[in-house]
There are 2 protein chains.
Amino acid sequence: MGTVSNVLNRPDQVSEQTRARVQAAIEILGYVRSESARQLRAGRSRMLGLLVTDTGNPFFAALARGTEEAADRAGLGVMVCNSAESPSAEQAYLSLFAEQRMRGVLLAPVDSHGAPWHVLSRQNIPCVVVDRAVGEDEVCSVAADDVLGGLLAGRHLLKAGHRRIAYVGGPEQLRQVRDRRDGLLRAVHEAGMSADTVVDVPVHRHDVRSGRDAGHRLIGLSPRPSAVFCANDLLALGIMQTVFDAGVRVPDDLAVIGYDDIEFAEACLIPLTSVRHPAAEIGRLAAELLLKELDPAPEGHRHESIVLQPELVVRRSTVPRA
Amino acid sequence: MGTVSNVLNRPDQVSEQTRARVQAAIEILGYVRSESARQLRAGRSRMLGLLVTDTGNPFFAALARGTEEAADRAGLGVMVCNSAESPSAEQAYLSLFAEQRMRGVLLAPVDSHGAPWHVLSRQNIPCVVVDRAVGEDEVCSVAADDVLGGLLAGRHLLKAGHRRIAYVGGPEQLRQVRDRRDGLLRAVHEAGMSADTVVDVPVHRHDVRSGRDAGHRLIGLSPRPSAVFCANDLLALGIMQTVFDAGVRVPDDLAVIGYDDIEFAEACLIPLTSVRHPAAEIGRLAAELLLKELDPAPEGHRHESIVLQPELVVRRSTVPRA
DNA sequence: CGCCGTTGATGAATCGTTTCATAAGTAAGA
DNA sequence: TCTTACTTATGAAACGATTCATCAACGGCG
């Protein structure tokens, strides 16, 4: 009935008496309006989709919080999904988002190949890429300068006198992983050293378990690097557990530096030097970019790429006691 | 068109030729079916709601993973929301779930008062309470035996000779917080000691920040307890950071024991003794209970309460070096 | 007394999918 | 050849909220 709809959505357009009568009926019947019917009528939902590669990573948890706050302010809900670094899961979730006619999507892509958001553009669902820089041609993005982050980490280690540095990071395709490594290499060149100062220790995933695995391989290297730079903090934590068990002292025998500066970096075995990556802010800015794209003109929108600056946070894991 | 629906949902009931024709049309038009229309027709969605008190807590992240796996196996999606320990946010999200006609809801209640799931029962949305024991009268639940957990922690500390033990935990209303404390008290009684062996250090939230705050108060106590039992690991991490900065040695000056055994307990400053709380299994079992309640008979379902056993994991934070 | 403007209530149409009853077409058996 | 059984395709109705055009009621004013 049209009047009920008015009571709920435009209470001022309806007389005091009718409103009271309708409200009473709603109470008695325990009526709860159906969001699917509203959505069907409206043609789009009141939700944003957020697809990250690892919900277990505190970095993404913080990013999600930033997104949720911004979305909440706009009266939108957020649905957080986990692609678990699997491209097929990523496609499945993006299709899900398309079927749900999400108002917009925030995506941390699994790899840098292709344009996984194409499923969304068919439905005119705007997409903002988070935590990965991409060109401005197709989508907006919010990321941090990963080359700079790698550079900061590299300079820090080189200044401390390290001459053989391991880099622990995931598959080459990930722009992020490449960029951090590139930053490290740039620092090496700055210092006038050769590129083989850097030893790669590849991993497939970016969690603590993979870190432990990498730790074992790292210990076996000969000559063993005196420092290790990890593509994220979880890897660093895993490495520290392993090398600690093997009797390798951090930072004396091995300096360790992580990336992201998650909450637990400060509390860990040896407080971890890390590159602070502003997670919540990335989430918040990305949501705001998305809202801006939604808001006024469907057309006449120019895609933006925001790049934030990372910051080195020095702790015990790279600084021997005086 | 009915035929299209058949092609998508019952491809075997339609001739090879028509199917190909329809599929081709779908490709060309870039058709994506509307989930809201499906839901409207079906009267219910294909989603489970999961409402936790802190998405930043790795314990709940693990619980969510368990839930997602089980739900995925049943072809259902999961929407994870964060009540942030706020009763009003909890009600808001439960109303949202009701409006979305969620297939079922998993709820970690903010406190033990009332029955927040009543909003759901009006819509016949089944609810399973996770990580909090409740009576079997109204809903199913999956929890761990928190009294036993507290007892294990208490025995461990008392056996090590501690005679003054701080308990750091949130508001009294939380059954969980009470139970863990009760377990501790039971251990104290077992040992033939008086109840004032236990000193309460109350906190409002269960995160690292509150832990740091509690740490400051703990240091100020006189006489200072020689051991502290925390209602969760995040509190313990916060406390360890604070007391470490203040020059208090763990475990020599202060033994610390946490609860949940999150991934980071093992990797932290001083590896943390904790009570293992099977997060992923709670999430999985709860989802399975929910699916069972959904499956066959809307009526004739008897609510179940599953209680899992916690397990003490001893690490350095309570064991001085030999 | 009649006309007009305003305010508030009503009901039909719509969104896109599924379901169900019916129709059309085909093959087999009497 | 006609009926029967069976397969496959078609079209209408329904889900529930919203929107919009229409309508009724009422007060003011000429």
Side-chain angles (χ1 to χ4, degrees), chain A residues 1-47 49 75-77 95-104 119-125 294 298, chain B residues 1-47 49 75-77 92 95-104 119-120 122-125 294 298:
Chain A
M1 195 198 292
T3 305
V4 176
S5 178
N6 284 330
V7 171
L8 264 55
N9 302 313
R10 283 177 296 280
D12 46 318
Q13 310 244 343
V14 86
S15 78
E16 177 58 39
Q17 194 192 9
T18 336
R19 190 181 350 165
R21 219 152 40 93
V22 172
Q23 287 287 10
I26 286 180
E27 286 298 318
I28 292 167
L29 299 175
Y31 163 87
V32 173
R33 72 175 153 197
S34 155
E35 184 63 25
S36 23
R38 304 186 76 189
Q39 281 183 31
L40 176 57
R41 186 67 238 263
R44 58 191 182 160
S45 88
R46 306 166 44 70
M47 289 260 164
L76 298 175
S95 302
L96 182 74
F97 287 166
E99 292 190 350
Q100 305 257 19
R101 301 290 192 275
M102 288 290 182
R103 192 72 139 270
V119 219
L120 301 172
S121 16
R122 296 227 50 135
Q123 300 297 312
N124 286 318
I125 298 174
L294 288 169
Chain B
M1 198 197 293
T3 305
V4 176
S5 178
N6 284 330
V7 171
L8 264 54
N9 303 313
R10 284 177 294 280
D12 46 318
Q13 309 248 343
V14 87
S15 79
E16 176 59 40
Q17 193 192 9
T18 333
R19 192 181 346 163
R21 220 151 37 92
V22 172
Q23 288 287 10
I26 286 180
E27 286 297 320
I28 292 167
L29 299 175
Y31 164 87
V32 174
R33 72 173 152 197
S34 154
E35 183 63 24
S36 23
R38 305 187 76 188
Q39 282 184 29
L40 176 59
R41 184 68 238 259
R44 57 190 182 158
S45 89
R46 307 166 43 71
M47 288 261 164
L76 298 175
S95 302
L96 182 74
F97 287 167
E99 292 190 350
Q100 305 257 19
R101 302 290 191 275
M102 289 291 183
R103 192 70 141 271
V119 217
L120 301 172
R122 296 228 50 134
Q123 301 296 312
N124 287 318
I125 299 173
L294 288 169

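Order of the sequence lines fixes the chain letters, A, B, ..., with proteins taken first and strands second; residue numbering starts at 1 for each chain. Keep in mind that the numbers below use all heavy atoms, side chains included, and drop hydrogens, waters and symmetry copies.
- Rounded to whole Å, atom C1' of dT18(C) lies 13 Å from atom CZ of R44(B).
- Separating the CD1 atom of I26(B) from the C1' atom of dT17(C) is a distance of 13 Å, rounded to the nearest angstrom.
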Check: protein-nucleotides 16-21 of chain D nitrogen or oxygen pairs below 3.5 Å:
unit_1: dA17(D); atom_1: OP1; unit_2: Y31(A); atom_2: OH; d: 2.7
unit_1: dA17(D); atom_1: OP1; unit_2: S34(A); atom_2: N; d: 3.2
unit_1: dA17(D); atom_1: O5'; unit_2: Y31(A); atom_2: OH; d: 3.4
unit_1: dT18(D); atom_1: OP1; unit_2: N9(A); atom_2: ND2; d: 3.4
unit_1: dT18(D); atom_1: OP1; unit_2: R38(A); atom_2: NE; d: 2.6
unit_1: dT18(D); atom_1: OP1; unit_2: R38(A); atom_2: NH2; d: 3.1
unit_1: dT18(D); atom_1: OP2; unit_2: S5(A); atom_2: OG; d: 3.3
unit_1: dT18(D); atom_1: OP2; unit_2: N9(A); atom_2: ND2; d: 3.0
unit_1: dT18(D); atom_1: O2; unit_2: R41(A); atom_2: NH1; d: 2.5
unit_1: dT19(D); atom_1: OP2; unit_2: R10(A); atom_2: NH1; d: 3.3
unit_1: dT19(D); atom_1: O4'; unit_2: R41(A); atom_2: NH1; d: 3.3

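- Here the straight-line distance linking atom CD1 of I26(A) with atom CZ of R33(A) works out to 9.0 Å at 0.5 Å rounding.
- With sequence neighbours excluded, the residues satisfying side-chain contact (heavy atoms from CB on, under 4.5 Å) with S15(A) are Q17(A), T18(A).
- Protein atom CG of D12(A) is 12 Å distant from nucleotide atom P of dT7(C), rounded to whole Å.
- Scored by the side-chain contact (heavy atoms from CB on, under 4.5 Å) test, S121(A) finds H118(A) as partners (sequence neighbours excluded).
- Atom P of nucleotide dT7(D) and atom CZ of R19(B) are separated by 16 Å, given to the nearest angstrom.
- Here E16(B) pairs with R19(B) under the salt bridge (Lys or Arg N to Asp or Glu O under 4.0 Å) rule; sequence neighbours left out.
- Residues that satisfy the side chain to side chain donor-acceptor pair (under 3.5 Å) test with S36(B), not counting sequence neighbours, are S34(B).
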Taking only N/O atoms, report every protein-nucleotides 23-28 of chain C pair under 3.5 Å with atom names and distance.
none

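- Listed by chain and number, the residues in a side-chain contact (heavy atoms from CB on, under 4.5 Å) with R46(B) are E35(B), R38(B), L76(B), R103(B) (sequence neighbours excluded).
- Evaluation of the side chain to side chain donor-acceptor pair (under 3.5 Å) rule for T3(B) yields no partner, not counting sequence neighbours.
- Atom P of nucleotide dT7(D) and atom CD of Q13(B) are separated by 10 Å, given to the nearest angstrom.
- Computed from coordinates, the Q100(A) CD to dC15(C) C1' distance equals 17 Å when rounded to whole Å.
- Residues forming a side-chain contact (heavy atoms from CB on, under 4.5 Å) with V32(A) (at least two apart in sequence, or on another chain): A98(B), E99(B), R101(B), Q123(B).
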